[in-house]
Each structure stands twice: as structure tokens, then as C-alpha cells.
Amino acid sequence: MGTHERDIRLNKLNTIREQGINPYKERFQKSHSLYQAKKLPLNTSGVRIAGRIMAVRIFGRLIFATLKDFSGKMQIALQEKAVGKERFAFFKKYIDIGDFFGAEGTIFKTKMGEITLDTSGYELLSKTLRPLPEKFHGLSDRELLYRQRYLDLIMNDGTIERFLKRTRIMKTMRDYLDAEGFFEVETPVLQTNPSGANATPFTTHHNALDLDLYLRIAPETYLKRCIAGGFDKVYEFARSFRNEGLDPSHLQDFTILEYYVAYWNYEDNMRFTEKLIKHVLEQVNGSLKLTFGEKVIDFGKDWKKVSLRDLIFTDTGIDFSTYTNENDLRKAIKEEGIEIQDLSTMGFGSLIDNLYKKVSRPKIDDPLFITHHPIELSPLARRNDINGRVTDRFQLVVNGWEIVNAYSELVDPVDQRNRLEEQASLHRKGDSEAMVMDEDFLTAMEHGMPPISGWGMGVDRFVCLLTNQENLRDVVLFPLMKPTDQQ
RNA sequence: GGGCCGUUAGCUCAGAUGGUAGAGCAGCAGACUCUUAAUCUGCGGGUCGAAGGUUCGAUCCCUUCACGGCUCACCA
């Protein structure tokens with residue numbers, strides 16, 4: 001659907017070309033960023049700056065325009081007497097808001113006190129064919145923000161800041177892990193056997209090998225193979241994919257940070273988690289108190305630890321450790337008047353999980369470690385030595401969100417085989433989220449793994465928390481959108 | 001997947017008990033050497049998300065569909 005505006009600009013483009021001017025320049029030699037240029041002393045001459053034109057104000061023989069680059073914004077002034085009649089007229093006729101523009105001139109201060117470049121010469125660097133969104137209100141249509149993120153980045157100042165913060169958060173974690181002796185590794189995204197989590201994978205096909213493949217749902221089992229191979233501290237920022245529903249707190253393409261440490265248990269890991277996250281808060285936000293919406297979340301105190309059994313007992317009076325079968329537990333949940341959908345079809349582990357999500361999790365604001373999840377929910381976690389029905393596992397919950405999930409890893413190949421067989425049987429019965437048998441992983445474990453503690457973080461959620469965002473799509477540059485009919 | 005809501009000019013938004021629509025910004029033409037949401041004068045711009053139905057007549061009412069948002073359920 002050609003717009004009138006676009007046709008006008010196409011005409012301008014052609015006219016510019018007919019004058020022998022290339023409207024898409026190869027390069028422009030800048031002397032300063034806009035941020036730097038604004039700090040130069042008055043009367044500095046020969047200053048060369050470039051950026052996108054964000055606004056133009058024309059006063060007869062004087063033009064003010066606002067340039068924007070990655071470092072900031074700066075005003076330039078064009079006087080007819082300084083650039084010459086022809087160049088001045090060219091600007092008025094052919095330069096539009098949105099165009100990329102290079103200017104050379106002298107720093108001065110306007111009567112209103114603004115540091116401005118008095119332009120002596122300029123170049124059109126790149127001609128735009130479409131107009132920018134409205135300058136005052138910017139772009140606010142949520143759909144367009146996601147579909148045309150570049151416009152959001154140009155128009156809304158907070159947006160680029162948010163994504164820079166995402167990068168800073170990831171870099172801070174990376175630097176911390178590196179300093180602690182971790183090695184960053186890369187493991188396969190295309191897998192023959194999706195494992196490491198309970199989730200439905202995306203499927204694809206390798207033509208040359210005539211082989212069905214899956215996009216990874218987690219990097220877990222490959223990172224453990226690294227430990228088996230002799231690494232003792234590894235991590236990966238793992239883009240992972242789950243073929244499930246999407247909502248503000250779930251994307252099908254998301255980033256997990258996982259690390260694995262040989263010879264640690266989950267308690268070592270909890271201590272490290274607290275140090276790591278406090279470090280990130282201090283480095284990135286400069287404070288251990290975090291404002292999220294109306295709440296202030298305090299990371300500064302020692303983080304509390306509570307077992308899942310104690311947490312649910314405190315909130316409901318139900319002690320799941322005293323129940324030996326799911327029917328009795330189901331009855332108790334009904335007697336407490338707690339409403340859970342599909343109650344009748346759930347197994348023991350799911351009942352506990354749903355009870356927790358319904359009753360306990362929403363109440364949690366400040367960081368809380370929840371430990372010792374039932375074995376049914378944790379097919380890859382180490383069985384507790386004293387109570388074999390629970391695992392040596394913890395989750396870190398903040399603001400009602402699970403930020404971290406970690407445990408002492410199961411390294412007993414016999415126990416692991418039994419538990420994967422249980423999962424595989426659930427999978428055969430139609431639970432597409434249950435794990436499938438992974439002989440290759442079991443073989444690796446049979447060759448021997450040291451004691452290991454592993455850890456996984458939903459990076460996008462953590463970034464949401466630190467940037468005060470409710471929707472994961474607001475911390476992902478280009479979230480998946482269904483295509484629309486376009487012409 | 002269910003429920004609720006939305007989709008009007010490039011953008012931000014009005015609006016008509018049903019008689020095919022307006023503003024601001026952006027654009028075009030003009031005035032203007034200190035503005036920064038510049039100002040002033042004039043002009044152009046819309047298959048009102050798509051299809052079907054009801055109606056003399058639909059952008060408005062009804063149905064279906066598409067896309068999106070929020071929310072409930074499941075997954076981090």
C-alpha cells in the first residue's frame with residue numbers, strides 16, 4: 001500500500017540522483033560523537049558529526065535541526081549565509097526528518113543557551129523513504145513496538161536504555177563467572193534427543209542425514225557431559241526453545257544461563273547464587289533494593305531458605321511428607337477448599353507443584369530459596385541421602401517468579417536410568433512434556449561423573465526484574481510475531 | 001485453548017441513535033535568522049482490519065475470520 005508520503009520521497013530521491021548526488025553515501029569521517037561534540041569548547045571549528053535528523057525548524061534563512069546518534073542528541077544550525085544559497089535551498093527541499101546526515105562546522109551557543117553546531121558544510125548520508133512516528137507521543141502501539149522494534153528504539157528513549165541494560169546484566173554475569181574460574185562453552189542447539197527439562201520441543205529435519213531433530217529445550221545434559229569430560233566449572237548462555245503456550249512470562253525462544261560445578265553440592269551453589277546475584281544488582285543497579293512496579297524488593301538481607309514441605313505446610317496446614325499416595329493428598333487439598341483445575345488427573349508431584357504455585361508462590365516478593373522438591377518433579381536431581389522422597393534442589397523465587405532452579409546433580413547411573421524410564425513411560429502414555437530415554441547421556445554417566453551441582457536461570461525474567469518490566473517481550477529485541485497480510 | 005477488550009490518515013487519537021469521517025504531528029505550497037512539541041496562512045491525504053449478513057443505505061448493528069493486548073489454565 002504505497003503512501004503518498006513515500007511517493008513524494010521517492011521523487012525526491014530520483015531528483016537527487018539526477019543532480020549527480022548519491023543519496024546513499026559510502027562513509028562519513030566523524031571527528032566526534034554527538035555526546036563528545038556537545039562537550040567541546042565554544043568556537044571549536046572543523047567539528048564533523050553525523051546522525052539521524054529527528055526534528056527540523058525552519059526560519060527563513062536559518063534552520064535548526066536535531067541530530068541523534070548512539071551517544072545522544074545535538075542541535076545543528078544552518079545559516080544561508082554560511083552554507084550558501086544553493087546548499088541551503090537543497091536542505092529545505094530535499095532533506096527530511098529521519099534522514100542520516102553529516103555536518104561540519106563550529107561549536108557555538110545559541111541565544112537560548114544551547115550548544116549547537118554552526119554548519120559550514122553538510123552531506124546527505126542516507127535518504128529515508130518513510131516518515132518517523134509522531135515526534136511528541138512517539139510510538140505506543142504495542143504491536144508496532146514489537147513488529148518494528150527499530151522504530152521503538154529510535155523514538156522512545158527508554159527502549160534503548162533497557163536493551164543496553166540487558167547487555168550489561170549478561171556481561172556482568174559473564175565477567176563474574178569468568179573471574180571465578182568458569183569456562184564458557186557452546187553445546188548443540190540441534191539435538192537428536194531433547195532433554196534437560198519437562199517441555200515439548202520444536203521439531204525439524206536434517207535432509208542430508210534424513211534425520212528428525214529437535215531444538216534444545218535446555219543445555220543441561222550436554223553441560224554435564226562437559227563435566228564428565230574433565231571441565232570443572234562450565235557455563236552457557238543457551239538460547240532454548242519450547243513449543244508451548246506464550247504469555248507475558250513465557251516465550252518459545254528464550255535464554256537460559258546454566259552452569260555446572262564439579263564437587264559442589266546444592267548448598268555451595270546457594271551461597272554462590274546469592275553472591276552472584278547481589279553482585280549483579282550492585283554493578284548494574286547500584287543498589288540491593290529494587291523497585292518493581294509498586295513494590296520494593298530487598299535483596300540486601302540474608303536470603304531465607306525454606307523447604308517446599310515447610311512452605312506449603314505454613315501456608316495450608318498440609319504436610320505432604322506424611323502422605324504416601326496421591327489420593328489422600330488430593331482429598332486433603334479438597335478439604336482445605338483449595339481449588340486446582342484438573343485435580344483428579346494429577347500425580348503426586350504435580351499435586352504438590354500446583355499447590356505451591358496456587359497458594360505459596362504468589363506471596364513471595366523478597367528473594368527466597370525453596371528447597372527439597374519431591375523426587376517426582378526432579379528427574380535429574382540427586383536424591384536426598386536422608387529423605388529419599390525429596391531431592392537436593394533449590395529454586396530462587398523473587399516477586400513470585402522462579403528466577404533460578406538448581407540442584408545437586410544426579411550422577412548415579414542406575415538411579416538415573418530408573419527415573420528416565422519412568423519419564424519415558426509417562427511420555428509413551430501421551431505426556432509430551434515428559435522426558436524421553438537418552439541412552440547417550442546415560443552412557444556418559446556410566447563412564448563416571450564427579451559430584452556436581454548445576455544451576456539454571458531464566459535470563460529474560462531476570463532482566464525483566466531488573467528493568468521493571470512485566471512482559472518478557474519488552475526485554476527481547478525482536479519477539480516472534482505472527483505475520484500479517486502485507487502488500 | 002477459554003474469557004474480556006482492541007484494530008479509524010504515516011504516527012497519536014477524536015467521532016457519528018446507521019446517511020461513506022475529523023484534529024494535532026508528519027507531508028505539500030508559502031512567510032519567517034534563535035527555535036527546540038517553533039509559529040502563522042493555505043492545501044492534499046482514509047476501500048474506518050477482512051469477508052459475509054440485516055437494511056433503501058453499514059465504517060457504526062449481527063456473524064465469521066485475521067492480527068494484537070490483558071487474563072485463566074500448562075511450561076522458566
Side-chain angles (χ1 to χ4, degrees), chain A residues 1-9 11-12 54-66 73-82 88 92-93 96-98 108-114 116 118 128-148 151 155 196-201 217-218 238 240-252 254-258 339-342 346 350 353-354 357-358 395-397 401-405 431-434 456-462 464 470-473 479 481-486:
Chain A
M1 211 180 293
T3 67
H4 189 221
E5 166 98 32
R6 187 162 170 274
D7 293 337
I8 291 167
R9 292 209 186 181
N11 281 336
K12 286 184 186 180
M54 298 301 290
V56 176
R57 299 172 287 278
I58 299 179
F59 300 85
R61 292 182 190 79
L62 169 69
I63 298 170
F64 288 110
T66 306
K73 289 182 185 172
M74 183 175 175
Q75 180 170 265
I76 61 168
L78 264 92
Q79 298 187 75
E80 188 186 73
K81 67 181 183 201
F88 192 82
K92 284 213 280 191
K93 188 133 188 74
D96 287 302
I97 291 170
F108 80 111
K109 193 187 262 188
T110 65
K111 288 175 190 168
M112 295 301 288
E114 175 146 354
T116 301
D118 185 16
T128 53
L129 297 183
R130 295 176 189 261
L132 288 177
E134 204 252 342
K135 64 187 167 191
F136 187 57
H137 299 94
L139 189 68
S140 59
D141 183 311
R142 303 265 282 168
E143 189 171 348
L144 289 181
L145 294 182
Y146 298 143
R147 285 192 195 279
Q148 294 180 279
L151 292 178
M155 298 307 297
N198 291 99
T200 311
I217 54 177
S240 302
F241 307 86
R242 299 187 185 177
N243 202 343
E244 291 168 347
L246 77 162
D247 65 35
S249 61
H250 296 88
L251 300 174
Q252 38 294 106
F254 65 109
T255 304
I256 308 176
L257 170 59
E258 285 197 8
E339 284 181 28
I340 293 176
Q341 214 170 308
D342 297 329
M346 278 181 198
S350 291
D353 194 41
N354 278 279
K357 283 174 181 165
K358 179 89 183 176
Q395 288 185 322
L396 175 67
V397 178
W401 299 352
E402 276 147 28
I403 299 295
V404 168
N405 181 32
D431 181 352
S432 67
E433 288 175 2
M457 166 190 269
V459 171
D460 311 279
R461 286 189 181 173
F462 187 55
C464 272
E470 305 262 10
N471 192 324
L472 292 179
R473 286 183 162 182
M481 300 292 278
K482 278 180 97 163
T484 52
D485 294 340
Q486 43 195 303

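Hydrogens, waters and symmetry mates are skipped; everything else that's a heavy atom, side chains included, is used. Sequence lines set the chain letters: A, B, ... in the order given, protein chains first and strands last, and positions in each chain run from 1. On a predicted model such as this, the values are computed, not experimentally measured, just so you know.
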From [atom1] of [X] over to [atom2] of [N], roughly how many Å is that when rounded to an integer?
{"X": "A/Ile8", "N": "B/rA9", "atom1": "CD1", "atom2": "C1'", "answer": "13 Å"}
{"X": "A/Asp96", "N": "B/rA26", "atom1": "CG", "atom2": "P", "answer": "12 Å"}
{"X": "A/Leu144", "N": "B/rG49", "atom1": "CG", "atom2": "P", "answer": "15 Å"}
{"X": "A/Arg147", "N": "B/rA66", "atom1": "CZ", "atom2": "P", "answer": "14 Å"}
{"X": "A/Leu246", "N": "B/rC67", "atom1": "CG", "atom2": "C1'", "answer": "13 Å"}
{"X": "A/Met155", "N": "B/rU12", "atom1": "CE", "atom2": "P", "answer": "10 Å"}

Minimum heavy-atom separation for [X] to [Y], with atom names?
{"X": "A/Thr66", "Y": "A/Arg57", "result": "OG1-NH2, 3.4 Å"}
{"X": "A/Arg473", "Y": "A/Pro479", "result": "CG-CB, 3.8 Å"}
{"X": "A/Arg130", "Y": "A/Arg9", "result": "O-NH1, 3.4 Å"}
{"X": "A/Phe241", "Y": "A/Phe254", "result": "N-CE2, 4.2 Å"}
{"X": "A/Ser240", "Y": "A/Ile217", "result": "CB-O, 3.7 Å"}

Side chain [X], main chain [Y], donor-acceptor under 3.5 Å:
{"X": "A/Glu244", "Y": "A/Thr200", "result": "yes"}
{"X": "A/Asn405", "Y": "A/Gly456", "result": "no"}
{"X": "A/Glu134", "Y": "A/His137", "result": "yes"}

Ignoring the backbone of [X], work out which of [options] is nearest its side chain.
{"X": "A/Glu5", "options": "B/rC70, B/rG10, B/rG27", "value": "B/rG27"}
{"X": "A/Pro131", "options": "B/rG10, B/rG68, B/rU12", "value": "B/rG10"}
{"X": "A/Arg142", "options": "B/rC70, B/rC67, B/rG10", "value": "B/rC70"}
{"X": "A/Glu134", "options": "B/rG68, B/rC28, B/rG24", "value": "B/rG24"}
{"X": "A/Phe136", "options": "B/rU12, B/rA37, B/rC28", "value": "B/rA37"}

When the [atom1] atoms of [N] and [M] are considered, how many whole Å apart are they?
{"N": "B/rG6", "M": "B/rG15", "atom1": "P", "result": "13 Å"}
{"N": "B/rU8", "M": "B/rU54", "atom1": "P", "result": "28 Å"}
{"N": "B/rA21", "M": "B/rA58", "atom1": "P", "result": "14 Å"}
{"N": "B/rC13", "M": "B/rC70", "atom1": "P", "result": "16 Å"}
{"N": "B/rU59", "M": "B/rU47", "atom1": "C1'", "result": "10 Å"}
{"N": "B/rU55", "M": "B/rU20", "atom1": "C1'", "result": "15 Å"}

Under 4.0 Å, counting only non-hydrogen atoms across every strand here, what does [X] touch: a base, just sugar-phosphate, or nothing?
{"X": "A/Ile63", "answer": "nothing"}
{"X": "A/Asp247", "answer": "base"}
{"X": "A/Asn11", "answer": "nothing"}
{"X": "A/Glu244", "answer": "base"}

Could you write out RNA chain B as a dot-bracket string, with dots for unpaired bases, | for bases paired across to another strand, and Watson-Crick or G-U pairs counted at under 3.5 Å?
(((((((..((((.....[..)))).(((((.......))))).....(((((..]....))))))))))))....
Quick check on RNA chain B: between A/Arg473 and A/Asp460, whose nearest nucleotide comes earlier from the 5' end?
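Closest to the 5' end, via its nearest nucleotide, is A/Arg473.
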With sequence neighbours excluded, residues passing side-chain hydrogen bond (donor to acceptor under 3.5 Å, both in side chains) with A/Asp141
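Per chain and number, A/Asp141 pairs via side-chain hydrogen bond (donor to acceptor under 3.5 Å, both in side chains) with no residue.
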Quick one: what's the B/S/- string for nucleotides 29-35 of chain B, heavy-atom cutoff under 4.0 Å, read 5' to 3'?
S--BBBB
Measuring to OP1 and OP2 of B/rC70, would you say a side-chain N or O of A/Asn471 lies under 4.0 angstrom away?
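True: A/Asn471 side-chain N/O within range (under 4.0 Å) of B/rC70 OP1/OP2.
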Can a side chain N or O of A/Thr66 be found less than 4.0 Å away from OP1 or OP2 on B/rU36?
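No, outside the criterion.
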